[in-house]
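Each chain gets a letter, A, B and so on, in the order its sequence line appears, and its residues count up from 1.
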Amino acid sequence: MRLSQFHLNTYKESPSDAEVMSQKLMLRTGMIRKLSGGIYTWSPLGLRVLRKVEGIVREEMDRAGALEILMPAVAPKELWEETGRWDQFGAQLLKMTDRAGREFCFGPTHEEVVTDFARNELKSYKQLPKNFYQIQMKFRDEIRPRFGVMRGREFLMKDAYSFHLDEAGLVREYQNMFDTYSRIFTRLGLKFRAVQADTGAIGGSGSHEFHVMASSGEDALAYCEDSDFAANVEMAEAICADTRLAATQTMEKVSTPKQTTCSDVAALLGIDIKRTVKAVAVVRTDNKFALVLVRGDHTVNDIKLSKLSGMADFRLATEAEIRETMGCVPGFIGPVKSKLPIMVISDRTVAAMSDFVCGANEAKFHLQGVNFGRDLPEADLIADVRNVIDGDLSPDGKGVLSIARGIEVGHVFQLGQKYAQAMNATVLDDQQKAAVMYMGCYGIGVSRIVGAAIEQNFDERGMIWPAAIAPFYISVLPMNAHTSESVKVAAEALYQELSAAGFDVLLDDRNARAGVMFADQELVGIPHRVVVGEKGLDAGTVEYKGRRDAESKNIPRAEFVAWLKALRGA
RNA sequence: CGGAGCGUAGCGCAGCCUGGUAGCGCACCACCUUGGGGUGGUGGGGGUCGCGAGUUCAAAUCUCGCCGUUCCGACCA
């Protein structure tokens, strides 16, 4: 591509509302332009990257035996009512009405549509298994779209759905997709990790998320260096290997006039924060109060808590509710001698503690030397309700956990019969009986991958694309082509030769100053560049520099294309 | 949904408090200049100051309403 024939429109400044680096850089380079909140136009530059990601995903899905289809983006209400999701999906579902007054939604995901397709197409077990996928724009009316294409309302997604006669078939395809996803992210050139994920309301027996590792990621992941254990912190089990020691102290009230947090209290008393217990007041589904106890340095895991009986819709208590129910201001509440009998849910770690410190249920005081059984009854419920932290024991017993951040770019699910059952999607089995099919679903956020790739690969000058998804593989920058005919001719010849050799080349024929060409090439993140200058030509060389390299190197002009091929191969 | 901020040229911003001819930088156009890290200069084009009402002789500026947009979301004791 000749830059003079392309459309490149870079900015020196990024819009003030851009928050994350990928968003800033995508807007500065003009890869995307915002039309409305969470809705973007992909420019020629941006679309090149998006299409490359899409291409790799498509190739690997095809290779795995999945069959591409294209479903409508708009689906009728009736289909969504079959599964109950018309109402269940909530405000995220963009609904619309046609001229006849019939209601539709813009698909945020396609289980209903594909299951309808499958129940009409698949009549015999002999047609199974099948895996249908599509790559298509989805729309989810996010409460707070942000981070550019990382959490847009409209986004490009690859969604696949597999159909099986039995669970064993589903498990096989699930593994096939898991392996396929690993190949896809490896080919994309991204550092990623597959983690066990919460199956949420969808249920089913298995689910993994694929995350691109980046410090700006929204999800925390727990993984073990010594084994293959990896899970979203949302669901990683917190192990407590400790057993409770006998009490050695007597319970005593201590003055903590301003210390409302565990770390402040620990600092005041000169003790390890691990000897403190914090109490979180929550309101249960039945509107009754409960007190959740976790160690001072731990945090409550909302998802784990919500899975406990009666806690499905729990919420944190308001300050007013705490005052009313506990008779104490927040900051000093605790499980000992509360005003009313309140259900106490203790994390396993807390249950194994002795001689600990907690709020005294009296403003400006805490208690120390507190022990279960003696100073307060054993908790009503002991459960894993905390988030794992760095250094915790791995649930598989093979080492300790580390925590890292990631961006969820893929999710594989064993759906089981949930949708097939609701929509009566059956095939005849070899006994000539109708059998409800088993389903799996497998998603990849194609447009999100573009953002995630930038979050993982940038520096102060701009983006740094993995070669597989770079908008261009190499740029040819002629120095002073406006005055030097020999440079102009040589650059053109090199451009032709590289193109013929199959490279995706960008020739900067704008007659711009060197600084402008360098700045744009680096901002756009083209992984390789070759500078053609008069001095070099006299010596028979061109100047090569990789986007991450500190120094450029001179390569004999005659050997350059072969040299670059070798570099690509390596 | 609740709270807060913002809305002035394509982008980044000033002006608003204290009402009186709408500005700056980048980008864009023309000419000159420069030519290996976003040259320097001269001259230009482009804005119903988010929309609507009100106050006033006069509103970007003050008041009210609406719309859009961005951020934060309780107190994890």
Let me know the distance between NZ of A:Lys34 and C1' of B:G68, rounded to the nearest Å. 10 Å
For A:Thr97 and A:Glu103, test the side chains for any donor-to-acceptor distance below 3.5 angstrom and give the result as yes or no. no
Between B:G52 and B:U8, how far is it from one P atom to the other, in whole Å? 16 Å
In sequence, state the C-alpha distance, the side-chain angles, and the governing distance for A:Lys253 and A:Glu362, and then conclude on salt bridge (charged side-chain N to carboxylate O under 4.0 Å, His left out). CA-CA 10 Å; A:Lys253 201 158 89 173; A:Glu362 182 179 340; 2.8 Å; yes
Taking any heavy-atom pair under 4.0 Å as a contact, classify A:Gln259: base, sugar-phosphate, or nothing. nothing
With no hydrogens and no angle check, do the side chains of A:Gln521 and A:Asp508 hold a donor and an acceptor under 3.5 Å apart? no
Looking only at side-chain N and O atoms, does A:Asn9 offer a donor or acceptor that is under 3.5 Å from a partner on A:Arg28? no
May I ask you to say what A:Val292 touches in the nucleic acid, namely base, sugar-phosphate or nothing, with a heavy-atom cut-off under 4.0 Å? nothing
Could you tell me the separation between the CZ atom of A:Arg315 and the P atom of B:G2, rounded to a whole number of Å? 17 Å
Closest nucleotide of RNA chain B for A:His366 versus for A:Lys12: which of these residues is on the 5' side? A:Lys12
P atom, B:G50 versus B:G10: distance in rounded Å? 13 Å
May I ask you to say what A:Asn511 touches in the nucleic acid, namely base, sugar-phosphate or nothing, with a heavy-atom cut-off under 4.0 Å? base
Looking for any heavy atom pair under 4.0 Å, which part of the strands does A:Arg461 touch: base, sugar-phosphate only, or nothing? base
Is there a donor and acceptor pair, one atom on the side chain of A:Arg529 and one on the base of B:G36, closer than 3.5 Å? no
When we call it a touch if two heavy atoms are under 4.0 Å apart, what does A:His298 touch: a base, just sugar-phosphate, or nothing? nothing
Quote, to the nearest angstrom, the P distance that separates B:U61 from B:C17. 9 Å
Select one nucleotide: of B:G38, B:C76, B:G37, the one nearest the side-chain heavy atoms of A:Ala514. B:G37
Pair A:Arg386-A:Thr349, side-chain donor/acceptor within less than 3.5 Å: yes
When the P atoms of B:U63 and B:U56 are considered, how many whole Å apart are they? 16 Å
P spacing across the pair B:A22 / B:A60, given as an integer number of angstrom: 8 Å
What does A:Leu316 touch in the nucleic acid at a heavy-atom separation under 4.0 angstrom: a base, only the sugar-phosphate, or nothing? base
Give the rounded distance in Å between these two atoms: CZ of A:Phe314 and P of B:A74. 12 Å
A:Tyr11 six-ring face occupied by A:Arg33 cation (under 6.0 Å, within 45°): yes
So what's B:U69 paired with, Watson-Crick or G-U wobble, going by both distances under 3.5 Å? B:G5
Under 3.5 Å on both distances, the Watson-Crick or G-U partner of B:C31: B:G41
Base of B:U34, side chain of A:Arg513 - is there a donor-acceptor contact under 3.5 Å? yes
Atom CD1 of A:Ile303 and atom C1' of B:C76: how far apart are they, to the nearest Å? 16 Å
Between B:G35 and B:C16, how far apart are the P atoms? Round to whole Å, please. 44 Å
Starting the side chain at C-beta, find the nucleotide from B:G10, B:G35, B:G38 nearest to A:Thr10. B:G38
With sugar-phosphate meaning primed atoms plus P, OP1 and OP2, does A:Ser14 contact a base, only sugar-phosphate, or nothing at under 4.0 Å between heavy atoms? sugar-phosphate
Rounded to the Å, how far apart are A:Arg547 CZ and B:G37 P? 17 Å
Side-chain-base donor-acceptor pair under 3.5 Å for A:Asn9 and B:G10: no
Using a 4.0 Å heavy-atom cut-off, does A:Gly37 contact any base of the nucleic acid, only the sugar-phosphate backbone, or nothing at all? sugar-phosphate
Name the pairing partner of B:G46, where a pair is Watson-Crick or G-U wobble with both distances under 3.5 Å, or state none. none
RNA chain B: A:Phe147 or A:Arg295, which has the more 5' nearest nucleotide? A:Phe147
Interatomic distance, A:Asn480 CG vs B:U39 P [rounded to whole Å]: 13 Å
Does a side chain donor of either A:Asp264 or A:Thr261 reach within less than 3.5 Å of an acceptor in the other side chain? yes
Pairing nucleotide - B:G23, Watson-Crick or G-U, each distance under 3.5 Å: B:C13
Categorize A:Phe518 for me: base, sugar-phosphate, or nothing, with a 4.0 angstrom heavy-atom threshold over every strand shown. base
Give one of base, sugar-phosphate or nothing for A:Leu27, where a contact means two heavy atoms less than 4.0 Å apart. nothing
For a quick check, tell me whether the side chain of A:Glu534 and the base of B:G36 share a donor-acceptor pair closer than 3.5 Å. no
So what does A:Arg28 hit on the nucleic acid, given a heavy-atom distance under 4.0 Å: a base, only sugar-phosphate, or nothing? base
Distance between P atoms of B:G40 and B:A53 (Å, rounded): 46 Å
Could you check whether A:Ser16 gets within reach of a base, just the sugar-phosphate, or nothing at all, counting any heavy atom under 4.0 Å? sugar-phosphate
For A:Lys304, is there an ion pair with A:Glu237 - N to carboxylate O distance below 4.0 angstrom? no
Considering only atom C1', compute the distance from B:C49 to B:G44 and round it to an integer number of Å. 22 Å
